[in-house]
**Student:** 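This is the structure I have questions about; it appears just below.
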Amino acid sequence: MTIDKNIDGIIKNNILIVDDHPFIIEGYKNAITRYKPKEYDFLITQAKDCKSGYEIITDPAITSFDIAFLDISMPVYEEKEIYSGEDLAKLIMEHMPNCKIILLTMFTELLKIKTIIRTIKPKGLIIKNDLTFDELLFAFDKVMKNNTYYSQSVIEMLEKSPKDSIEIDQIDEQILFHLSKGTKIDEIPHYIPISLKATIRRIDNLKGLLNINRGTGDDLVEKARIKGLL
């Protein structure tokens, strides 16, 4: 938290909001500015896509943010390999490690949710369909108090999933299949309609999911077989 009090003893907080829907940004701002106005003064910076978010986060003149609201699905910034709010979150973790991250998404796939929690460890994770004005205020209050907040849909998905279960999607299944057949990584995009960069990112995620810190595609395939994914 930014410890910067004005003459009235009000604590200043720097907030970043990145979302490609202006009306959603305004909703967040309305909720934030109504949070304990006698105690906090919020300086809100906003961005509309991955590119503008990247430029703000990497700007050396910018004061570190206390809390960042990031939409996951936004127009990409391919030049810097920033494809989503998850990538912006990782950038914040690198440049502003004390910033509390709140991710908002329409995704309801269990694998996606578990991957976000494992790789980002956000202080807040909200399914947008769960979001109301009151819910946003409640989530913001929890994060301000350094607690973790998951919206109801996230909690339900996690509760229904066995703790040791591993779920992968169809694209990951195809990647593992082609690796098991000896296909080179740079040749996989010839068989699956995704880019090489996306392929590599998925392979890295699979390694993380299977707790492979180092190793080749063969090591990944072997572990996937043990786990029954092939």
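The structure displayed is predicted, hence computed values, not measured ones.
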**Student:** Kindly compute the distance separating CD (Gln152) from CD (Glu159), expressed to the nearest 0.5 Å.
**Tutor:**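 Between atom CD of Gln152 and atom CD of Glu159 there are 7.5 Å.
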**Student:** May I ask you to test the Pro22-Gln46 pair for a side-chain heavy-atom distance under 4.5 Å?
**Tutor:**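 Pro22 vs Gln46: side chains apart.
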**Student:** Does Ile194 share a hydrophobic cluster with Leu196, counting links as ILVMFWY side-chain heavy atoms below 4.5 Å and allowing steps through other members?
**Tutor:**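 Linked within one cluster.
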**Student:** Measure the CG-NZ distance between Asn147 and Lys142 for me, rounded to the nearest 0.5 Å.
**Tutor:**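 Here the interatomic distance stands at 5.0 Å.
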**Student:** Can you tell me if Asp66 uses its side chain to pair, donor with acceptor, with the backbone of Asn14 under 3.5 Å?
**Tutor:**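 Present.
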**Student:** If I take atom CE from residue Met93 and atom OG1 from residue Thr119, how far apart are they, to the nearest 0.5 angstrom?
**Tutor:**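 Rounded to the nearest 0.5 Å, the CE-OG1 separation comes to 7.5 Å.
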**Student:** Counting C-beta onward and ignoring hydrogens, is there a side-chain heavy-atom pair between Ile101 and Leu88 closer than 4.5 Å?
**Tutor:**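 A side-chain contact is absent here, since even the closest heavy-atom pair is not under 4.5 Å.
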**Student:** Show, in sequence, the C-alpha distance, side-chain angles and deciding distance for Ile72 and Phe107, and conclude whether the side chain to side chain contact (heavy atoms under 4.5 Å, CB included) test is met.
**Tutor:** CA-CA 9 Å; Ile72 287 183; Phe107 289 113; 3.7 Å; yes
**Student:** Among Tyr40, Phe42, Tyr149, exactly one meets ring-ring contact (aromatic ring centres under 6.0 Å, His included) together with Phe140. Which residue is that?
**Tutor:**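 Of Tyr40, Phe42, Tyr149, ring-ring contact (aromatic ring centres under 6.0 Å, His included) with Phe140 is met by Phe42 alone.
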**Student:** How far does CZ of Phe133 sit from OH of Tyr28, to the nearest 0.5 angstrom?
**Tutor:**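 If I round to the nearest 0.5 Å, the distance is 12.5 Å.
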**Student:** Would Ile127 and Glu156 count as a side chain to side chain contact (heavy atoms under 4.5 Å, CB included) here? Give the steps.
**Tutor:** CA-CA 11 Å; Ile127 305 298; Glu156 290 175 358; over 6 Å; no
**Student:** Let me check something: do Met106 and Ile116 share a hydrophobic cluster, defined by ILVMFWY side-chain heavy atoms less than 4.5 Å apart, either directly or through other members?
**Tutor:**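 In one cluster: no.
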**Student:** I would like to know whether Lys128 and Asp71 meet side chain to side chain contact (heavy atoms under 4.5 Å, CB included); could you show each step before the answer?
**Tutor:** CA-CA 9 Å; Lys128 285 190 172 182; Asp71 187 13; 3.2 Å; yes
**Student:** Side chains of Tyr150 and Leu158: closer than 4.5 Å at any heavy-atom pair?
**Tutor:**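 Yes, side chains in contact.
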**Student:** Under the 3.5 angstrom rule, does the side chain of Asp59 hit a backbone N or O of Glu55 as a donor-acceptor pair?
**Tutor:**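 Here the side-chain-to-backbone pair does not exist.
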**Student:** Can you find a heavy atom in the side chain of Leu43 that is under 4.5 Å from one in the side chain of Asn13?
**Tutor:**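 Answer no - side chains too far apart.
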**Student:** Once you round to the nearest 0.5 Å, how far does CE of Met144 lie from CG of Leu137?
**Tutor:**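 Nearest 0.5 Å value for the CE-CG distance: 11.5 Å.
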**Student:** Step by step, work out the salt bridge (charged side-chain N to carboxylate O under 4.0 Å, His left out) result for Lys207 and Asp219.
**Tutor:** CA-CA 9 Å; Lys207 286 181 178 179; Asp219 297 318; over 6 Å; no
**Student:** Going by distance alone, is a donor N or O of one side chain under 3.5 Å from an acceptor N or O of the other, for Tyr35 and Asp141?
**Tutor:**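 A pair is found: one side chain offers a donor N or O, the other an acceptor, under 3.5 Å apart.
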**Student:** Determine whether Lys29 and Ile25 make a side-chain contact, defined as any pair of heavy atoms from C-beta on separated by less than 4.5 Å.
**Tutor:**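 Sidechains of Ile25 and Lys29: in contact.
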**Student:** Test your reading of the model: is there a side-chain donor-acceptor pair from Ser52 to the backbone of Ala47, 3.5 Å cut-off?
**Tutor:**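 No; zero donor-acceptor contacts below 3.5 Å.
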**Student:** Does the side chain of Ile192 come within less than 4.5 Å of Ile175's, by heavy atoms?
**Tutor:**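 Yes, at least one pair of side-chain atoms sits under 4.5 Å.
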**Student:** Between Ile200 and Leu210, is there a shared hydrophobic cluster once you connect ILVMFWY residues whose side-chain heavy atoms come closer than 4.5 Å?
**Tutor:**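 Yes: a chain of side-chain contacts under 4.5 Å links Ile200 to Leu210.
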**Student:** Would you check if His95 and Ile62 make a side-chain contact, meaning some heavy-atom pair closer than 4.5 Å?
**Tutor:**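 No; the side chains remain at least 4.5 Å from each other.
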**Student:** Within a radius of less than 6.0 Å around NZ of Lys48, do more than 12 heavy atoms belonging to other residues, nucleotides or ligands occur?
**Tutor:**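 No.
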**Student:** Is it true that atom NZ of Lys51 has more than 12 heavy atoms of other residues, nucleotides or ligands lying nearer than 6.0 Å?
**Tutor:**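 Open.
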**Student:** Given 3.5 Å as the limit, does a donor-acceptor pair link the side chain of Thr199 with the main chain of Ser195, or not?
**Tutor:**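 Present.
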**Student:** Taking everything shown except Tyr191 itself, do over 12 heavy atoms lie less than 6.0 Å from its OH?
**Tutor:**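 No, because the 6.0 Å sphere around OH of Tyr191 holds 12 heavy atoms or fewer from other groups.
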**Student:** Check this for me: Glu187, atom CD, are more than 12 non-hydrogen atoms of other residues, nucleotides or ligands nearer than 6.0 Å?
**Tutor:**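 Yes - once you tally the heavy atoms of other residues, nucleotides and ligands closer than 6.0 Å, there are more than 12.
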**Student:** Hey, could you give me the OG1/CG distance between Thr105 and Leu131, rounded to the nearest 0.5 Å?
**Tutor:**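 Thr105 atom OG1 to Leu131 atom CG measures 12.0 Å (nearest 0.5 Å).
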**Student:** Do Leu16 and Ile92 pass the side chain to side chain contact (heavy atoms under 4.5 Å, CB included) test, and can you show the C-alpha distance, the side-chain angles, and the key distance before you say yes or no?
**Tutor:** CA-CA 10 Å; Leu16 173 65; Ile92 289 173; 4.2 Å; yes
**Student:** Is there a continuous path of hydrophobic side-chain contacts, each under 4.5 Å between heavy atoms, that joins Met74 to Val76?
**Tutor:**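 Met74 and Val76: separate clusters.
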**Student:** Is there a path of hydrophobic side-chain contacts, each under 4.5 Å between heavy atoms of I, L, V, M, F, W or Y residues, that connects Ile126 with Ile44?
**Tutor:**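 Both belong to a single hydrophobic cluster.
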**Student:** Any heavy-atom pair between the side chains of Asp49 and Tyr77 that's under 4.5 Å?
**Tutor:**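 No. Closest side-chain heavy atoms not under 4.5 Å.
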